[in-house]
Amino acid sequence: METTLVLIKPSGVQRGLIGEVISRFERKGLTIVGMKLRQLDSRILREHYAHLVDRPFFPSLERSMTATPVVCLALRGVDAVGVVRQMTGATNSRLAQPGTIRGDLGMSGQENIVHASDSPENAAIEVARFFGDGEIFDYTPCTLPAIYDPEEAAS
Ligand code: IDP
Ligand code: MG
């Protein structure tokens with residue numbers, strides 16, 4: 001199974017969408033193996049958004065991402081990285097498909113409710129960036145046989 005990182009951004013926190021977003025992942029059948037609030041700062045954002053630091057909108061993105069604490073989630077499941085990216089939708093919420101978190105709940109490119117890791121390699125790096133030792137919990141939900149067939153559950 002894969003473990004992926006989701007951040008419920010200040011746009012989601014401010015708008016009271018924490019429960020809605022977590023509920024979607026729970027209902028899908030993903031296991032929450034890490035969850036906490038964290039106040040981000042410039043140092044971690046420059047690392048997390050290293051690919052965007054030189055873009056003109058970066059100061060605005062940094063202000064937005066530090067406006068409130070974010071909710072950090074580590075979600076586990078078969079192909080969890082791709083499944084969660086699909087559930088997240090396109091970066092610009094106005095273009096994101098209905099049925100996705102951004103498509104259903106947002107109207108903005110920047111204020112787009114959630115972050116989700118974009119590859120298994122980045123997911124491993126990002127889970128380690130946002131969670132410390134002892135903050136990821138390895139457990140098997142008793143519902144697993146109703147979520148996966150035995151072969152899937154062992155993958
Ligand atoms: P992603 O979140 O869909 O993976 P990235 O390109 O990695 O998209 O960008 C990270 C975040 O930076 C976006 O989720 C969004 O909040 C912000 N962002 C990206 N492009 C723009 C832009 O053109 N204007 C304003 N904010 C942007
Ligand atoms: Mg990205």
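As the structure lists them, so they are numbered: ligands from 1, and atoms in each ligand from 1.
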Decide yes or no on salt bridge (charged side-chain N to carboxylate O under 4.0 Å, His left out) for Asp104 and Arg24, but give the supporting numbers first. CA-CA 12 Å; Asp104 286 350; Arg24 286 179 178 229; 3.0 Å; yes

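For atom 27 (C) of ligand 1, the closest non-hydrogen atom of the protein is Phe57 CE1, 3.4 Å. In this structure, the protein non-hydrogen atom closest to atom 4 (O) of ligand 1 is Arg85 NH1, 2.8 Å. At the shortest separation from atom 1 (P) of ligand 1 among protein heavy atoms lies Thr91 OG1, 3.6 Å.
Contact of the Asn112 side chain with the Asn92 side chain is not registered, since no non-hydrogen atoms from C-beta on lie closer than 4.5 Å. In this structure the side chain of Leu75 reaches within 4.5 angstrom of the side chain of Val6, judged on heavy atoms.
At least one heavy atom of Lys9 sits under 4.0 Å from some atom of ligand 1. For His51, the closest heavy-atom approach to ligand 1 falls below 4.0 Å.
Checked by atom type, the side-chain pair Ser11/Arg15 shows no donor-acceptor distance below 3.5 Å. Inspection of the Gln86 and Thr100 side chains reveals no N or O donor paired with an N or O acceptor under 3.5 Å.
Considering Gly109, Ala116, Ser93, Ala90 only, the shortest heavy-atom separation from atom 15 (C) of ligand 1 involves Gly109.
The distance criterion of under 3.5 Å between nitrogen or oxygen atoms is met by Arg102 with respect to ligand 1. Residue Arg55 has no N or O atom closer than 3.5 Å to an N or O atom of ligand 1.
Counted within 6.0 Å of NZ on Lys28, heavy atoms from surrounding residues, nucleotides or ligands total 12 or fewer; the atom is thus considered open. Residue Arg55 places its CZ atom among 12 or fewer non-hydrogen atoms of other residues, nucleotides or ligands, all under 6.0 Å distant. Annotation: Gln39, atom CD; neighbour count of heavy atoms from other residues, nucleotides and ligands within 6.0 Å is above 12.
If you look at Leu52 next to ligand 1, the close heavy atoms, those under 4.0 Å, all belong to the side chain. At a 4.0 Å heavy-atom cut-off, ligand 1 touches Asn112 through the side chain alone.
Within ligand 1, the atoms closer than 4.0 Å to a non-hydrogen atom of Leu61 are 12 (O), 16 (O), 17 (C), numbered from 1 in the order shown.
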